Amino acid sequence: MSTETAAVTVGPARAHLVTRLLRRPEVGAAVAALVVFVFFATVTEAFFTPGGIATWLESASLFGIMAVAVALLMIGGEFDLSTGTMVGSTGLIVGMLSTSSGLNIWLAVLLSLVFALLVGAGNGLLVTRTGLPSFIVTLGTFFVLQGLNLAVPKVVIGQVAVQGMEDVPGFYDVRWLFGSVIQLGAAGLQISIFWWLGLTAFATWVLLRTRPGNWIFSVGGAPVSARQTGVPVFRTKVGLFMTTAAAGWLVGMLSLFRTSTVQASTGVNEEFIYIICAVVGGCLLTGGFGSAIGAALGALIYGMTYQGIVFAQWDNNWLKAFLGVMLLGAVLVNTWVRRQAEAERRKPA
Amino acid sequence: MTLPASGTPILEATEIGKNYGGIVALRDVTTTVRAGEVTCVLGDNGAGKSTFIKILSGAHRHTSGELRVDGAVRRLASPREALDLGIATVYQDLAVVPLMPIWRNFFLGSEPSRGKGPLRRLDVPFMRRTTHAELLKMGIALRDVDQPVGTLSGGERQSVAIARAVYLGARVLILDEPTAALGVKQAGVVLRYIVAARERGLAVVFITHNPHHAYPVGDRFLVLNRGRSMGEYAKAEITRDELTRLMAGGAELEQLGHELEHAAPPGSATERIAEQLTDPSPGGA
């Protein structure tokens with residue numbers, strides 16, 4: 001990477017460090033995460049212990065994986081409300097296929113991924129081909145999946161929850177990939193945390209350093225301009241919907257193999273939390289602006305607050321109120337930051 | 001992409017037309033766009049200018065007539081296909097993404113990358129350097145290419161769009177009303193870029209409704225009115241005043257004036273309007 005830095009220095013001058021920092025979408029979330037961390041570390045005993053850290057990191061990871069995928073989609077100018085139910089659908093598919101029909105568990109996992117990708121592609125096709133708002137299209141998908149999650153298991157296994165996963169041959173092989181614990185010093189970290197960190201890094205790389213990343217920003221920021229300059233708008237958008245669906249599948253697998261059970265209601269009503277995490281992380285609702293790291297930080301704030309409230313032994317209902325305040329605060333801070341970034345042109349060069 | 005010798009026809013439209021369902025938006029337009037020449041397309045609002053350039057730039061397909069690119073008959077399916085043939089369009093909205101940094105905008109849709117397989121990535125240092133250098137060539141010294149494009153002035157944004165098209169290998173540069181939203185001074189800057197692009201051997205298609213902008217830089221003039229061609233003229237064949245009159249549908253206005261004159265009683269308001277219509281001197285209104 002030394003060649004890169006050398007090349008940059010002979011290029012154009014860069015703005016002042018503070019200006020560059022303010023332009024980053026995740027600044028607000030980073031500050032907020034620090035505040036939340038210090039707060040709960042001071043107020044509760046358990047928060048800043050190896051076991052405590054492992055708990056809120058795990059909590060953050062499941063939301064973080066979804067939030068990062070949802071952030072990419074939001075930067076691309078679209079919404080996906082079917083992400084939460086997809087977590088339940090893919091878990092149920094694997095559960096039903098492997099327990100009742102005796103299908104090889106690896107094959108069941110693969111089939112549920114294919115299912116998720118098809119639903120994602122369907123969302124994307126409907127949105128791009130009809131021009132309907134993604135909010136409506138994926139609201140439809142959300143209800144369809146929610147209904148199927150209840151109706152299909154009732155027909156196939158006679159109940160709305162899958163049990164007995166541990167008895168399926170090969171369960172513990174797959175669990176290694178989705179449900180194992182990695183010991184790091186005194187803390188036993190769930191593997192979902194590493195999936196989350198890896199995906200955040202990968203998504204950041206894609207967004208900032210690859211051609212598809214440039215396309216994602218442009219299809220969200222100015223779709224007409226993107227098409228005029230030859231950006232494959234259709235492919236980019238469909239790809240994004242498939243990404244959120246695949247993230248739903250991953251979280252479905254992580255929770256299925258962690259708890260070895262799945263219910264029809266798994267994931268329902270969590271789609272808004274993903275969106276909140278992305279917005280807290282600096283994503284604009286109008287598209288074209290945001291970051292994967294920001295969304296991951298948004299999920300971290302959520303995870304820390306969720307477990308922090310438990311550690312502090314407060315009423316859990318405070319969480320929702322806190323989330324709402326965070327969302328409003330984030331939107332206000334983001335608006336202010338963007339004004340600052342755009343106001344600099346009025347200063348003399 | 002190497003530029004052909006000056007005067008070589010690149011785009012040839014023969015009796016080209018476009019219907020939207022039953023509505024005729026454009027019919028029987030014939031013109032030739034040559035390297036090293038500025039072809040001006042003039043017309044009032046609704047004359048069919050936009051439809052015509054959308055056909056040339058690949059945004060719409062023509063429904064009648066023939067379009068040749070380098071002598072081969074084509075029906076352009078997408079802006080991408082047009083770009084690959086070296087036909088670049090700078091639209092009125094400039095096809096920039098306001099929230100994205102200038103250097104990302106500069107290469108949008110044609111990003112250079114390096115590395116192989118999963119490590120294929122944007123060549124960021126090259127992109128930043130090139131953007132800075134290319135804009136400097138157009139006389140814009142940017143302090144910082146990381147600035148969002150939305151923070152630039154209208155003229156600067158226009159220049160970014162033109163510099164991008166030229167850099168990305170345009171042989172034909174289609175400019176859609178580039179001076180329409182600009183003040184006198186900034187419009188002058190853009191007209192200078194048009195001349196500069198011609199000097200470099202590009203074929204420029206300059207769409208405008210302002211004959212005072214078109215006449216000084218144009219080599220030939222295609223005048224459209226209500227979806228029809230009013231004729232194509234080389235600069236030597238037409239004066240600025242004739243061009244203005246032709247564009248405004250001058251003959252029709254004069255005719256209307258005479259009709260009103262005959263119908264109106266002397267001294268009435270209608271007669272005064274008729275006088276103003278037949279009298280071309282300014283200040284009548």
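All chains are named by letter (A, B, ...) in the order of the sequence lines, taking the proteins before the strands, and each is independently numbered beginning at 1. What's counted below: heavy atoms across the whole structure, side chains too, no hydrogens, waters or symmetry copies. The model shown is predicted, which means the values in this text are computed figures rather than measured ones.
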Side-chain donor-acceptor pairs of residues 69-79 of chain A under 3.5 Å, sequence neighbours excluded:
from    : atom 1 : to       : atom 2 : distance (Å)
A:Glu78 : OE1    : A:Ser134 : OG     : 2.7
A:Glu78 : OE2    : A:Lys237 : NZ     : 2.7

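- Nearest heavy-atom pair, B:Pro79 versus A:Arg227, reported as atom, atom and distance to 0.1 Å: CD-NH2, 3.8 Å.
- Nearest approach of B:Gly109 to A:Arg211, heavy atoms of both residues: O-NH2, 3.3 Å.
- Around CZ of A:Phe135, the count of heavy atoms belonging to other residues, nucleotides or ligands within 6.0 Å does not exceed 12.
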N/O donor to acceptor pairs below 3.5 angstrom from side-chain atoms of residues 172-184 of chain B, sequence neighbours left out:
from     : atom 1 : to       : atom 2 : distance (Å)
B:Glu177 : OE1    : B:His209 : ND1    : 3.2
B:Glu177 : OE2    : B:His209 : ND1    : 3.3
B:Thr179 : OG1    : B:His213 : ND1    : 2.9

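- With A:Thr229 as the partner, the side chain to side chain contact (heavy atoms under 4.5 Å, CB included) test is satisfied by one option alone out of B:Val96, B:Leu108, B:Leu83: B:Leu108.
- By the 4.5 Å heavy-atom criterion applied to side chains, A:Arg209 and B:Val124 are counted as neighbours.
- In terms of non-hydrogen atom pairs under 4.5 Å with chain A, the most contact-rich of B:Thr130, B:Asn105, B:Leu122, B:Thr131 is B:Leu122.
- Rounding to the nearest 0.5 angstrom, the gap separating the CH2 atom in A:Trp205 from the CG atom in B:Leu119 is 5.5 Å.
- Here B:Arg121 contributes atom CZ and A:Leu208 contributes atom CG; the two are 14.0 Å apart, rounded to the nearest 0.5 Å.
- Note that OG of A:Ser225 is 10.5 Å distant from CE of B:Met100, once rounded to the nearest 0.5 Å.
- Within a 6.0 Å radius of CZ in B:Arg120, no more than 12 heavy atoms belonging to other residues, nucleotides or ligands are found.
- Between A:Gly230 and B:Arg80 the shortest heavy-atom distance is O-NH1, 3.6 Å.
- Open room surrounds CZ on A:Phe202; 12 or fewer heavy atoms of other groups in view lie less than 6.0 Å from it.
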